[in-house]
Number of protein chains: 2
Amino acid sequence: MPRPSLANDKRRELIPVIARAFADLWYRRTTTAELAKRCKVQENILYRLWPDKKAMFIATISYVYELAERTWAGLLDRDGSGSSAERVLDYESRHLGEFGHSRIIFAGLSETDDPEVRRALARMYQRYQRFVVEQVASHRDGRSHGKEADRALTAWALIGLGTVASIALEMKLLGSRDRRRLMKEMGRLLLDGRVS
Amino acid sequence: MPRPSLANDKRRELIPVIARAFADLWYRRTTTAELAKRCKVQENILYRLWPDKKAMFIATISYVYELAERTWAGLLDRDGSGSSAERVLDYESRHLGEFGHSRIIFAGLSETDDPEVRRALARMYQRYQRFVVEQVASHRDGRSHGKEADRALTAWALIGLGTVASIALEMKLLGSRDRRRLMKEMGRLLLDGRVS
DNA sequence: AGGATCAGTAAGTGAACACTCACATTATCC
DNA sequence: GGATAATGTGAGTGTTCACTTACTGATCCT
């Protein structure tokens with residue numbers, strides 16, 4: 001019998017390093033040589049763990065999303081002031097882009113011609129939107145409302161808010177103070193959304 | 001004396017073709033060979049008009065934004081129902097992404113390491129935001145309001161709305177009906193934004 | 001007409017980079 | 001201990017692609 005494969009452990013060990021590289025260098029400038037260097041292994045070892053660069057990237061997409069979801073779950077468990085939606089919003093307004101989450105997504109967006117990348121991104125967005133819908137629902141629950149804005153649409157709008165905040169951050173168009181106000185004030189407006 | 005250069009005319013003539021290519025193929029897959037083919041010229045002619053591929057891309061960023069602004073200006077001149085902001089919003093809800101505007105911007109986003117590309121994109125976003133601020137202001141003008149939401153933030157949120165709608169379109173996550181509702185309903189909510 | 005530069009053609013060139021091959025070494029289980 | 005397959009090393013390789021060079025022909029000005 002041969003020695004048992006540790007490939008899964010190795011993948012788990014390397015993916016954060018790979019994610020960091022994609023976040024730092026986007027897709028094009030993240031060469032496989034650079035990945036190998038950062039992982040402190042030879043290139044062909046990466047190719048034993050994933051079939052190609054694209055697969056490494058797709059693995060990264062799942063990784064960063066799950067990382068974010070775990071973080072949010074942590075916030076929801078803990079007690080705190082405001083609805084859980086408000087807590088997530090507040091958290092995001094302060095930590096937005098800390099890990100490079102959005103950089104990876106933007107990098108992915110310009111690879112959407114590739115059907116696999118597109119599928120991976122679409123799946124991620126779907127989960128993301130569903131998560132936000134739940135937050136919107138639980139936030140509005142119990143509050144009296146006339147006619148509330150559609151929850152699915154509200155969720156998309158909130159995601160858009162985070163997206164534009166990331167872009168403005170990336171472009172240095174908003175200082176951290178304004179970025180935070182953007183998330184909080186506009187987020188509140190959308191969360192409480194009442195249609196006339 | 002030599003013959004006068006027609007380079008400027010040529011640039012103006014080719015840039016829409018180049019923009020189309022970047023919108024179709026993003027940045028990476030838009031090879032200079034492909035650009036030459038679509039423009040029906042040899043590669044080195046492109047290099048006589050622009051110093052490098054990056055410059056061609058930067059030129060398309062300005063081009064697509066100015067195209068959009070001209071379109072909106074046309075809407076504002078014409079009479080129609082609703083405030084001018086509502087008309088722009090309505091127009092965008094129906095024509096979003098028609099030209100590939102957002103694809104070019106997303107392509108640019110993943111080239112933001114390059115200082116020139118970043119500057120070009122940042123300039124574009126600034127003009128865009130200022131334009132939207134004006135629309136918000138003129139929309140709210142004359143309407144009675146308690147405390148209105150900050151106009152600059154509202155403008156950013158509206159831009160985010162358009163962005164997420166483009167992404168959802170790109171990913172085929174929203175049908176055209178929902179996309180339109182997203183823009184109209186959430187757009188209205190933000191435009192009318194009242195903070196408590 | 002003639003000089004000067006612009007416009008166009010065709011064939012490269014050099015570098016970057018995703019991906020691979022051949023081979024040595026190590027660990028695991030019988 | 002030895003069979004087996006994992007892990008590691010290092011040097012390719014073939015292709016793609018941004019960008020260039022060398023040249024011919026067209027057009028404008030004095």
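In what follows, every heavy atom counts, from backbone to side chain, and hydrogens, waters and symmetry copies are set aside. Since the model is a prediction, treat every value here as computed from it, not as a measurement. Residue numbers start from 1 in every chain, and the chains themselves are labelled A, B, ... in the order their sequence lines are given, proteins ahead of strands.
In this structure, the side chain of B:Lys172 does not engage the main chain of A:Ala122 through any donor-acceptor pair within 3.5 Å. Side chain of A:Arg11 to main chain of A:Leu49: a donor-acceptor pair is present (N/O by atom type, distance under 3.5 Å, no hydrogens or angles). Put simply, the side chain of A:Asp52 gets close to the backbone of A:Ala55: a donor and an acceptor are under 3.5 Å apart.
When the P atom of C:dA7 is taken as reference, atom CG of B:Leu14 falls 12 Å away, rounded to whole Å. Whole-Å rounding puts the B:Asp114 CG to D:dA18 P distance at 15 Å. Here the P atom of nucleotide D:dA18 and the CZ atom of B:Phe57 are 13 Å apart, to the nearest Å. When the C1' atom of D:dC19 is taken as reference, atom CH2 of B:Trp50 falls 16 Å away, rounded to whole Å. In this structure, CD of B:Glu111 is placed 13 Å from C1' of D:dA18, rounded to the nearest angstrom. For A:Gln42 and C:dT25, the CD to C1' distance is 14 Å, given to the nearest whole Å. The NZ-C1' distance, from A:Lys37 to D:dT9, rounds to 18 Å in whole Å. Computed from coordinates, the B:Leu46 CG to C:dT9 P distance equals 12 Å when rounded to whole Å.
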Q) In the 5'-to-3' direction, what one-character label does each nucleotide of nucleotides 16-21 of chain C receive under the scheme B = base within less than 4.0 Å of a protein heavy atom, S = sugar-phosphate only, - = no such atom? A) -SBBBB
Q: Apply side chain to side chain donor-acceptor pair (under 3.5 Å) to B:Glu69 and B:Tyr65, showing your working.
A: CA-CA 6 Å; B:Glu69 232 181 36; B:Tyr65 181 68; 2.7 Å; yes
Q | Evaluation steps, ring-ring contact (aromatic ring centres under 6.0 Å, His included), between B:Tyr27 and B:Phe22 | A | CA-CA 6 Å; B:Tyr27 190 86; B:Phe22 278 120; 5.8 Å; yes
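Between B:Asp24 and the options B:Arg103, B:Arg29, B:Arg38, a salt bridge (Lys or Arg N to Asp or Glu O under 4.0 Å) holds for only B:Arg38.
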